[in-house]
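The next block holds one structure in the form of structure tokens; read it before the comments.
Side-chain atoms are counted along with the backbone in the values below, which use heavy atoms only and exclude waters and symmetry mates. In what follows, every chain begins at residue 1, and chains take the letters A, B, ... in the order their sequences are listed.
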Amino acid sequence: MSKVSFIQEEMAQRNEKAVIGFWIYLMTDCVLFASLFATYAVLHKNTYGGPGSKDIFNLPYVLVETLILLTSSFSAGIATYSAYLYKKAQTVIFLIITIVLGLTFLIMELSEFSHLIRIGDSFRRSGFLSSYFALVGTHGMHILFGLIALSVLVCQIMIKGLNRNVLRRINLISMFWHFLDVVWIFIFTIVYLMGVIK
Amino acid sequence: MYLFSFLLLGRLTLKAIPSDTITRGGALLVLLAPLGLAALLTYKKKWKWLYKNWLTTLDPKKIGVMYIILASVMLVRAGVDALMMRLQQATSAGASNGFLSANHFQQVFSAHGTIMIFFVAMGLMFGLINLVVPLQIGSRDVAFPFLNSVSFWLYTAGLIIVNLSLVLGTFSIAGWLAYPPLSELKYSPGVGVDYWIWSLQIAGIGSLLSGINFIVTILKMRVKGMNLMKMPVFTWSVLGALSLVIFAFPILTATLLLLTLDRNLGTHFFTAGGGGNAMMYVNLIWAWGHPEVYILILPAFGVFSEVVATFSRKALFGYKTMVWAIWAIVLLSFTVWLHHFFTMGAGANVNAFFGIMTMIIAIPTGVKIFNWIFTMYKGRISFATPMLWFMGFVVLFTIGGVAGVIMAIPAADFQLHNSLFLVAHFHTMIVSGVLFGYFAGFTYWFPKIFGFKLNERLGKYAFWCWLVGFILAFVPLYILGMMGATRRLNHYPSGLGYQPLFIVAGIGAGIIALGVAFQVLQIGYSIYKRKEYKDTTGDPWNARTLEWSIPSPAPFYNFAKRMEVSTKDAFWEMKQRKSLDQGEYEDILVPKNSPIGMLIGFTSLAFGFAFVWHIWWLSGLSLIALISIVIYRLSQDNIESFISKDKLRKLDISRKAEG
Amino acid sequence: MNEINNSGLFEIKFKSYLIGFILSVFLTLFSYILVVRKVFSADKTILIIVITALVQFSLQLIFFLHINKKAKKSWQLSALIFMIIVVFILVFGSIWIMYNLNRRMMPTNAQVNNYLKSQGGGGI
């Protein structure tokens with residue numbers, strides 16, 4: 001076996017290990033979110049005289065957030081697809097679209113938070129609001145880290161081109177981004193939609 | 001001035017330096033030990049050697065050794081805590097108040113529990129996993145060597161934070177699991193609980209990463225032909241334990257995060273007022289905590305499976321039932337957590353469900369015990385030290401297990417909850433199960449890592465001291481629990497008849513300390529006699545699994561040739577068929593050493609320390625530094641060196657000539 | 001060149017992203033409209049939107065996260081199933097335990113009053 005083909009085989013194995021390793025990490029993150037969901041489920045009636053979920057949620061606003069995040073998940077997928085076709089410019093463009101959409105989502109979420117804090121319904125107000133801020137805020141933190149990772153990735157593509165390592169990272173980061181969208185499905189349904197019904 | 005000091009140092013002031021003699025002594029020891037070590041290194045001009053060969057290494061074997069060294073130091077540290085508690089309880093009856101204040105006593109038992117679980121048991125476990133798993137599955141490395149070093153250094157950072165609490169400020173007084181509302185800001189305003197939170201949070205993330213790493217290693221890097229049902233049982237048990245790690249530790253991370261928010265941002269998760277619910281903390285922490293005890297015990301079960309088969313000269317009885325028992329335990333361990341708080345007030349239906357589940361989980365454990373005993377049956381048993389640890393374990397563990405089943409009955413638990421009976425029960429499980437298991441494993445695999453065997457006679461002395469000491473130390477606690485003595489007593493009236501039993505328990509603890517001394521002596525003496533005890537064959541115990549097919553100490557590339565196996569107990573089969581040393585040499589990639597794991601560890605340490613003391617500029621700075629370091633590492637390209645098969649052949653041949 | 005670099009990574013098709021995206025948008029809007037227009041009673045709506053969420057979850061797993069036959073071979077599916085079991089036990093176990101505890105251990109003032117009165121004493 002020549003050195004080149006040996007390294008190629010090694011890289012294929014490395015990709016496989018990275019994908020399963022990262023996937024297992026995502027599974028652990030699901031359990032983290034599950035703990036926060038459980039806390040929300042237990043505490044969401046503890047309003048302590050403060051507002052309940054029905055009083056503070058603005059559903060149309062959240063729907064826009066949801067659709068933006070969903071679109072960014074789609075564009076992350078397209079970026080990966082473009083990377084597979086070795087279209088560097090297209091990859092970068094779609095990654096930047098993902099970043100912009102993600103940033104919009106994050107800003108919308110933060111302005112929702114700051115609105116709540118301004119009108120006195122901060123995380124200090126009640127057990128319900130604490131658990132709401134913790135659950136949605138942890139998702140937001142993940143989005144923030146995802147944005148940092150996406151930005152670094154864009155820089156790496158610009159500098160190094162679409163080499164093996166970069167290609168692997170595009171795969172992993174888009175997995176991460178899709179995963180955040182999957183978690184958001186449950187936040188949208190359980191926290192926002194169900195919160196408004198009852 | 002005050003504002004300036006607050007901005008610069010947060011709440012860290014001169015008052016943080018301990019004022020009473022006992023704490024000062026501890027602080028001095030914590031400071032002097034590393035300083036003394038540093039002086040010795042400087043004197044011997046070994047810094048470069050230490051840095052190049054150990055601190056920056058990505059070799060799992062060396063990382064494993066570092067884990068075990070730190071865990072052993074922590075065993076002594078937390079063992080001193082135990083001796084202090086025993087001394088206090090033996091002397092503090094009636095008019096006498098003992099030598100520890102109530103507050104200090106609380107710190108001591110909190111530190112003892114925290115350190116023993118997170119930094120001794122977990123450290124020894126990850127140490128052994130690092131040493132053995134890649135070798136046992138015929139792999140050259142772990143799946144993510146760099147991540148492995150990060151895990152180790154995060155563990156170290158957590159360990160340093162816990163020990164810093166001796167030097168600056170105080171430790172938590174809220175017990176090893178820091179139940180709120182006591183651990184909330186209102187009732188624990190100092191830094192103690194923060195020290196506890198951050199040491200666990202950082203070390204816990206390290207464990208989580210390590211869990212992912214070794215699961216991928218086991219799933220993806222087995223030698224050709226070793227399908228799952230041919231894996232050694234130790235590897236199986238590690239896979240089971242780490243599956244628990246990856247699904248239980250995120251719960252701990254979340255719980256600690258919520259407690260941090262309560263303490264720092266004024267949220268109301270577990271507070272007494274404001275719509276918080278302290279019972280939710282207890283619920284969450286045990287949803288992690290119960291799997292945690294199985295995380296610790298499963299690899300020890302794996303060690304015993306290897307030890308029993310090797311020293312009975314027989315294949316393990318019931319391999320398949322063993323594997324299924326492991327997975328039954330893995331799954332069931334997520335369904336029993338309420339038995340830690342039967343008395344919190346859940347209804348009879350809830351308590352009954354968790355009581356029954358607890359009894360059910362005893363069944364697969366019983367299956368394992370019988371499998372080991374049947375393995376010994378008609379075997380040619382040699383009573384080497386690892387085997388002695390095993391036999392001590394079987395006896396004690398069964399007693400402790402029966403005590404556990406008694407407490408699984410909710411009605412009985414209402415009497416025994418938080419009594420010394422409980423303390424005696426879980427110490428029987430963890431000392432005889434976990435510690436004895438890792439001691440057995442350490443003695444068993446020691447020659448593979450260091451190239452020489454440990455002295456048997458001193459090892460046996462250590463074992464007998466541990467066994468006798470353990471019985472003397474904990475049987476009285478069972479009785480005391482029945483008599484109504486609660487845990488965490490720093491003082492009791494003299495007329496209750498407790499004192500004689502506490503004195504016996506104290507003597508027992510002293511004998512255990514003697515056992516530890518013998519272990520230290522054993523290692524020292526064996527190093528001194530290392531030429532005499534040299535393992536020239538690579539297979540000193542006539543063992544069964546692949547790690548014994550290579551020379552001792554294991555070379556950095558583990559296996560020179562690409563092998564293929566066809567049965568379980570692959571090495572034993574090879575020996576029977578006399579088909580050793582098969583396979584071809586091949587090119588390999590070896591990861592280059594990297595100081596970045598250490599850097600990440602110390603940056604996390606700075607982050608945690610800054611958070612404890614509210615030095616906000618430092619925590620912000622270290623967070624930014626942490627992200628930058630990770631990005632820097634991800635941008636490095638040339639991170640491994642290539643070793644051609646010719647070079648590997650030369651290395652291998654010269655290695656074998658030496659052996 | 002292409003094949004060598006992708007080996008060990010996912011196979012990716014544009015079509016699967018598109019299908020996943022369209023279906024997810026549709027399901028999101030469906031749940032939203034159901035809640036806003038109050039088409040059904042509260043309990044029925046909750047049931048339907050939870051099912052919708054689970055469907056969308058599976059769709060995104062298949063179309064965005066590439067959970068397919070290959071995933072079964074590479075342990076992704078096993079890890080996923082294990083995670084779902086643990087999450088199920090954790091969330092529903094916690095809810096079961098905590099609601100039971102809350103009912104028994106954290107009564108409201110009114111409940112305490114009623115209890116005390118039923119025992120023949122005065123309220124608080």
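Checked against ring-ring contact (aromatic ring centres under 6.0 Å, His included), B:Phe144 has no partners two or more places apart in sequence or in another chain.
For residues 136-151 of chain A, a heavy-atom distance under 4.5 Å to chain B picks out A:Thr138, A:Phe145, A:Ile148, given by residue number.
Heavy atoms closer than 4.5 Å to chain A are found nowhere in B:Leu147, neither backbone nor side chain. Contacts of B:Leu258 with chain A are made by side-chain atoms alone, with heavy-atom separations under 4.5 Å and no backbone atom involved. With a 4.5 Å cut-off on non-hydrogen atoms, B:Leu208 touches chain A through its side chain but not through its backbone.
In the displayed structure, B:Lys592 atom NZ is contacted under 6.0 Å by more than 12 heavy atoms of other residues, nucleotides or ligands. Around the NZ atom of B:Lys561, the shell of radius 6.0 Å holds more than 12 heavy atoms that belong to other residues, nucleotides or ligands. With a 6.0 Å radius and a threshold of 12 heavy atoms from other residues, nucleotides or ligands, A:Lys160 has its NZ atom above the threshold. Around OH of B:Tyr179, the count of heavy atoms belonging to other residues, nucleotides or ligands within 6.0 Å exceeds 12.
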Donor-acceptor contacts, no H, no angles, side chain residues 54-62 of chain A, under 3.5 Å, sequence neighbours left out:
residue, atom, partner, partner atom, Å
A:Asp55, OD2, A:Gly52, N, 2.8
A:Tyr61, OH, A:Met108, O, 2.8
A:Tyr61, OH, A:Ser111, OG, 2.7

Name each donor-acceptor pair under 3.5 Å that joins a side chain in residues 38-46 of chain A to protein atoms two or more places apart or in another chain, with its distance.
residue, atom, partner, partner atom, Å
A:Thr39, OG1, A:Ser35, O, 2.7
A:His44, ND1, A:Ala41, O, 3.0
A:Asn46, ND2, B:Gly275, O, 3.0

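Residues A:Ala134 and B:Phe269 share a closest heavy-atom pair of CB-CZ, 3.4 Å. When all heavy atoms are compared, the tightest approach of A:Glu10 to B:Leu589 is CG-CD1, 3.5 Å. The two atoms that bring B:His268 and A:Ser126 nearest to each other are CB-C, 4.2 Å, heavy atoms only.
The line from CG of B:Leu261 to CZ of A:Arg124 is 11.0 Å long, rounded to the nearest 0.5 Å. One finds the CD atom of A:Glu16 at 11.0 Å from the CG atom of B:Leu219 (value rounded to the nearest 0.5 Å). Atom-to-atom distance recorded for A:Tyr25:OH and B:Ile246:CD1 is 13.0 Å, nearest 0.5 angstrom. For the atom pair CG of B:Leu252 and CG of A:Leu32, the computed distance is 10.5 Å after rounding to the nearest 0.5 Å. Note: A:Ile20 CD1 to B:Ile212 CD1 = 10.5 Å, rounded to the nearest 0.5 Å. In this structure, OG1 on B:Thr217 lies 7.5 Å from NZ on A:Lys17, to the nearest 0.5 angstrom.
Ranked by heavy-atom pairs under 4.5 Å with chain A, the list B:Leu634, B:Val245, B:Ile631 is led by B:Leu634. In terms of heavy-atom pairs under 4.5 Å with chain A, the best-connected choice from B:Leu284, B:Thr253, B:Ile627, B:Leu265 is B:Leu265. Interface check for chain B: of the options A:Cys30, A:Gly127, A:Ser130, the most heavy-atom pairs under 4.5 Å are formed by A:Ser130. Chain A forms the most heavy-atom pairs under 4.5 Å with one residue out of B:Val216, B:Asn283, B:Leu209, and that residue is B:Val216. Highest contact tally toward chain B, considering only A:Asp29, A:Leu36, A:Val31, is held by A:Val31 [criterion: heavy-atom pairs under 4.5 Å].
In this structure the side chain of A:Phe133 never reaches within 4.5 angstrom of the side chain of B:Thr267, judged on heavy atoms.
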